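Down below is the structure, laid out as structure tokens.
Values in this document were obtained by computation on a predicted structure and should not be read as measured data. Just the heavy atoms: all of them, side chains too, but no hydrogens, waters or symmetry mates, feed the values below.
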Amino acid sequence: MQKIAITRAISSSLANCELTHLDRVPIDLARARAQHADYERALTDAGYRVERLTADEDMPDSVFVEDVAVVFDELAIITRPGAESRRREVPAVAAALRRYRPLQTIVAPGTVDGGDVMTVGTRVFVGLSSRTNGDGIAQMRAILAPHGYRVDAVTVSGCLHLKSAVTAVSDRALVINRAWIDAQLFDGFELIDVDPSEPTAANVVRLEDRLIVPSAFPRTAERLRARGFRVVAVDASEVAKAEGAVTCCSLLL
Ligand code: CIR
């Protein structure tokens, strides 16, 4: 079956993005777009057909398509992003996903950012963060329980999203920055620590036969290679200035 990656163009207003833990620094828009094209190429190389949605001036964070939906085999959940400025990103992503999955929707007062949702097999960890609230997590649980998923809330502090601190690299292994998340929550998983000099390296894209990692984190990449993973590095320096990483830039189906 054809694998599909939904991405979204980098808005010309990316410089006005939401920022929570970072200071605003200049972003090179042309470079950001070239890096985004390289990222899409890495997905194409891995067998994905990339569907890039367009974006408008009034959507500075449009490229971070992951936050607007969470895709499962059985359905997709359209989120209600925690940042009000990001809610206008929702309709086009919902329209794109409707062709591939039945949709469920998070409604007020719930908020969920997809960056807070980590799925490993039938376990779904959802970060309780500045973007995702308890009501949103309860809605996720109600939607997913009938499909056999177990939803656990995980408190996130010190970083934007759960997946800033931990992501899955296989059904058994997670890459993690223990400074930002309580590692005891992941009892039973093999934990691969980021290199201490690379605190933001825990966000990696898991594909069937490889991982996509930011090229800024060679030491953590080496740790992953040493565990037998095939690692593809992409330069994500410009979206990193907008507090984004690699998982945020695609929805994988
Ligand atoms: C935001 O603050 O919403 C964006 N500037 C960055 C979102 C990054 N998304 C993600 O990590 N899933």
Side-chain angles (χ1 to χ4, degrees), residues 1-8 34-53 63-67 69-77 93 96-97 99-101 114-125 147-149 161-177 186 188-195 198 200-237 239-240 244-253:
M1 209 169 63
Q2 176 65 58
K3 296 181 285 186
I4 294 160
I6 294 176
T7 65
R8 195 157 196 186
Q35 291 175 350
H36 189 237
D38 286 344
Y39 172 85
E40 291 175 328
R41 211 165 295 119
L43 292 169
T44 306
D45 288 347
Y48 284 81
R49 179 162 63 75
V50 173
E51 274 186 31
R52 186 198 291 179
L53 309 181
V63 66
F64 303 120
V65 70
E66 163 183 73
D67 292 319
V70 188
V71 177
F72 298 87
D73 287 346
E74 302 84 352
L75 76 164
I77 299 177
V93 175
L97 283 171
R99 290 186 285 132
Y100 303 110
R101 296 285 191 280
D116 276 316
V117 183
M118 178 176 73
T119 304
V120 200
T122 56
R123 302 284 306 272
V124 182
F125 297 93
H147 298 282
Y149 292 94
H161 288 129
L162 174 64
K163 281 190 286 191
S164 317
V166 59
T167 52
V169 289
S170 74
D171 281 342
R172 286 176 297 107
L174 311 176
V175 57
I176 187 167
N177 176 346
F186 306 110
F189 289 95
E190 179 190 345
L191 299 183
I192 303 170
D193 291 288
V194 295
D195 186 274
E198 299 174 346
T200 53
N203 184 276
V204 311
V205 177
R206 175 190 175 190
L207 304 178
E208 285 73 7
D209 64 345
R210 68 194 80 180
L211 305 174
I212 299 179
V213 308
S215 57
F217 310 126
R219 295 195 171 105
T220 302
E222 207 38 59
R223 289 181 180 212
L224 293 166
R225 284 196 187 94
R227 305 274 187 133
F229 291 98
R230 178 176 171 196
V231 176
V232 176
V234 297
D235 192 350
S237 68
V239 292
V246 282
T247 64
C248 345
C249 297
S250 58
L251 288 165
L252 302 178
L253 292 87

Query - Lys163 side-chain N/O to Val117 backbone N/O, donor-acceptor pair under 3.5 Å - result: yes
Query - side-chain contact (heavy atoms from CB on, under 4.5 Å) assessment of Val231 paired with Arg210 - result: CA-CA 6 Å; Val231 176; Arg210 68 194 80 180; over 6 Å; no
Query raised in the report: Going by an N to O cut-off under 4.0 Å, is there a salt bridge joining Arg99 and Glu51?
Result: yes
**Report entry** Rounded distance (nearest 0.5 Å) linking atom OG1 of Thr119 with atom CG of Asp171
**Finding:** 11.0 Å
Requested in this report: Could you tell me which non-hydrogen atom of Phe189 sits nearest to which non-hydrogen atom of Arg123, and how far apart they are?
Outcome: CE1-NH1, 4.3 Å
Report task. List the atom of Leu97, the atom of Ala69, and the distance in Å for their closest heavy-atom pair. Result -> CD1-CB, 3.4 Å
Report summary line: d(Leu43 CG, Thr7 OG1) to nearest 0.5 Å is 8.0 Å
Query raised in the report: Do Val234 and Gln35 have side chains that get closer than 4.5 Å, going by heavy atoms?
Result: no
**Report entry** Asp116 side-chain N/O to Leu162 backbone N/O, donor-acceptor pair under 3.5 Å
**Finding:** yes
Query - Any side-chain donor near an acceptor of the partner, Thr247 and Asn203, under 3.5 Å - result: yes
Report task. Output yes when a side-chain donor or acceptor of Lys3 lies under 3.5 Å from a complementary backbone atom of Ala46, and no otherwise. Result -> yes
Requested in this report: Mark yes or no for whether Asp195, through its side chain, and Arg219, through its backbone, hold a donor-acceptor pair below 3.5 Å.
Outcome: no
Requested in this report: Please check if the side chain of Thr122 supplies one atom and the backbone of Tyr149 the other of a donor-acceptor pair under 3.5 Å.
Outcome: no
Report summary line: So OH of Tyr100 and CD1 of Ile6: to nearest 0.5 Å the spacing works out to 6.5 Å
Report task. Could you check if a side-chain atom of Leu252 sits within less than 4.5 angstrom of a side-chain atom of Val71, using non-hydrogen atoms only? Result -> no
Query raised in the report: If you take all heavy atoms of Val239 and Ala245, which pair is closest and at what distance?
Result: CG2-O, 4.2 Å
Query raised in the report: For Arg172, does the CZ atom sit with more than 12 other heavy atoms under 6.0 Å from it, leaving out its own atoms?
Result: no
Query raised in the report: Can you find a heavy atom in the side chain of Phe186 that is under 4.5 Å from one in the side chain of Met118?
Result: yes
Requested in this report: Consider only side-chain N and O atoms of Ser250 and Tyr39, and report whether a donor and an acceptor are under 3.5 Å apart.
Outcome: yes
Query raised in the report: So how far is it from Ile77 CD1 to Arg101 CZ, rounded to the nearest 0.5 Å?
Result: 12.0 Å
Report task. Find out whether Arg223 and Asp193 are in side-chain contact, i.e. whether some heavy atom of one side chain is under 4.5 Å from a heavy atom of the other. Result -> yes
Report summary line: Separation between OG (Ser170) and CD1 (Ile192), nearest 0.5 Å, reads 7.0 Å
Query raised in the report: Sub-3.5 Å donor-acceptor pair from the side chain of Thr220 to the main-chain atoms of Ala201, do we have one?
Result: no
Query - Chi angles and distances behind the side-chain contact (heavy atoms from CB on, under 4.5 Å) call for Ile212, Val204 - result: CA-CA 6 Å; Ile212 299 179; Val204 311; over 6 Å; no
Query raised in the report: Can you check whether Asn177 reaches Val166 side chain to side chain, under 4.5 Å on heavy atoms?
Result: no
Query - Heavy-atom closest pair, residues Val175 and Ala202 - result: CG1-O, 3.4 Å
Query - Heavy-atom closest pair, residues Val246 and Ala236 - result: CG1-CB, 4.4 Å
Query raised in the report: Under a 4.5 Å cut-off applied to non-hydrogen side-chain atoms, are Glu190 and Leu174 in contact?
Result: no
Query raised in the report: Which atom names give the shortest non-hydrogen contact between Val169 and Phe229, and what distance separates them?
Result: O-CE2, 3.2 Å
Query raised in the report: How about Arg52 and Arg8: do any of their side-chain heavy atoms sit closer than 4.5 Å?
Result: no
Report summary line: With sequence neighbours left out, the residues meeting ring-ring contact (aromatic ring centres under 6.0 Å, His included) with Tyr48 are none
Query raised in the report: Leu224 versus Arg227: any side-chain heavy-atom pair under 4.5 Å?
Result: no
Report summary line: Separation between OG1 (Thr167) and CZ (Arg206), nearest 0.5 Å, reads 10.0 Å
